[in-house]
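Along the sequence shown, the residues carry numbers beginning at 1. Each ligand, and each atom within it, is numbered from 1 in the order the structure gives.
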Amino acid sequence: MDYFFSKTLAYKNLCKHYTEIKDIPMRDMFLQDKDRFKKFSIKLGPILFDYSKNRITQKTIKLLLELADEACLKEKINGMFSGEIINTTEKRRVMHWALRSPENEQIVIDGTDWSKEIHSVLKRIERFVGDVRSGTWKGFTGKKITDVVNLGIGGSDLGPKMVVRALDFLASDDLKVHFVSNVDPAHLNKTIKHLSPETTLFIISSKSFTTQETMENAKRARTWIVEKFGDDRCVERHFVAISTNKEGVINFGIDPKNMFEFWDFVGGRYSLWSAIGTSIALSIGFDNFKELLKGAHMVDNHFKNADFKENIPVIMGLLDVWYVNFFGAKSIAILPYSQCLEEFPNHLQQLIMESNGKRITTDGREVDFHTSPVVWGRVGTDGQHSFYQLLHQGTQIIPCDFIGFVKNPYNTEDQHDIFMANFFAQTRALMQGKDEKEVLDELKKNSKDAQKINNILPHKIFPGNRPSNSILIDELNPFTLGALIALYEHRVFVQGCIWNINSFDQWGVELGKRLAKDIIDKLNKDVMCEVYDSSTNGLINYYNKTKRGER
Ligand code: G6Q
């Protein structure tokens, strides 16, 4: 199939449609159609997805769906769910969805029933989690584990950390879960400062078991533990590994019986559902972890089976394309109205940008259009007192996702109402804006001074017409969180299919990693470094000299 996004008929039609629609204010669209909310919202179990505050008409959706057809989106979805090797540059299947399939659903590929493999690891994790939480698993000196430290980075950190923080209200009081990712020694030091080696268990989470940051932290953690007990046998009681690399785990000195495996068809940023989620299960219990998987599975079924018009990830992904490629949006903001989802924007940054921040199509051509937007965000209402100014009156179009819950897990109803009133107010204010006449009327009520009014008038105008999605969920629990994450995963897939890029490799992180390995040999040397450009040489030489105490 010779598919190139910007050469499609649908692209042409959308360009034309964009010129028809670009100046129409959403406030007029709402006035003209009382059913707009009904027409542009989708309910999926406990999730309401309202996309009516977008710069779209029914024709826009029709044209975007034509684009999906031209991109063979349906076939591509089926391809992922039937285990095709769609990560072509790494020659891998993409099967994170399989990790959340129920035990009775067979997933047979090349003669292997992956459901069996996956559930057998899950059962081992269940036993392990039960043992640690109940105190059956003991540290080297026979004490119960009170602190778990997950050592991992990128996909082996961001997802589990986000979930653990989000569901903290379900966490056991007797077992604290910490995350150390950075190779900055401060990260590990600050974390273990108040911990006791006797009651601390480290989980080395690394798909490859070669990642510099994680391995350095793991080595240092090992020293901390071994020095305390003066006996190598303590490693067995204080370290477990999660990886696809059994040999690496054994070489580190961890008995494979203390290793939980996963597979190369699970990408790092899609791995929280695998053994990489062990820290989640330790924190909230295995039954709750299963609920997380169930929520994601519900969304997998929805994505696979729902008509595209009613398919939340499909609509989300197409709207991203609409704004990035036709309105020229450069970024999207993720705005959870939930303190519990504090880490959600960070997780999505990796999920979206590492997946689709690319410029070469799956058939090796360079794109002549933009791909992934920059993803950023922060919980409301903190963001309101920080960057919302730019969202309302800045010069860029920044589509926003508002995410909130009807019930607050901390049961403080009145305060939660105040919180959610802000959510609803912001989406309305962004859409509606405040035009010159409205501002003028308001100013005239308070002052008769025409000069003063004229001076302040332009500053008080809000152009409005700023798009947002609202995702309103009945309550935050493992099931709904699993579903929410999976919605975004599939949204990313939809974007990738339309742009025809491989959302599952990440070659862009390689160059810097390699260079760092090269540069480490140049540090702490007496000879001047001269092999790089003058800036890099200059920085290295300054660092070496200053470290030696020279000026
Ligand atoms: C995610 C990326 C990347 C990866 C980390 C950690 O999709 O591949 O963020 O998760 O580099 O890799 P390891 O798990 O192999 O240590």
Identify the residue among Asp264, Asp110, Asn87 that makes a side-chain hydrogen bond (donor to acceptor under 3.5 Å, both in side chains) with Arg93.
Asp110
For Tyr270 and Ser355, test the side chains for any donor-to-acceptor distance below 3.5 angstrom and give the result as yes or no.
yes
Does Phe252 have Arg222 sitting over its ring (NZ/CZ under 6.0 Å from centre, angle to axis within 45°)?
yes
Note: Val235 and Gly253 closest approach over all heavy atoms is CG1-O, 3.8 Å
Indicate yes or no for a side-chain donor-acceptor contact from Arg237 to the backbone of Lys138 under 3.5 Å, with no hydrogens or angles considered.
yes
Protein residues near ligand 1, heavy-atom distance below 4.0 Å?
Ile153, Gly154, Gly155, Ser156, Ser206, Lys207, Ser208, Thr211, Gly268, Arg269, Gln350, Glu354, Gln506
Once salt bridge (Lys or Arg N to Asp or Glu O under 4.0 Å) is applied, do any residues pair with Glu126, and if so which ones, sequence neighbours excluded?
none
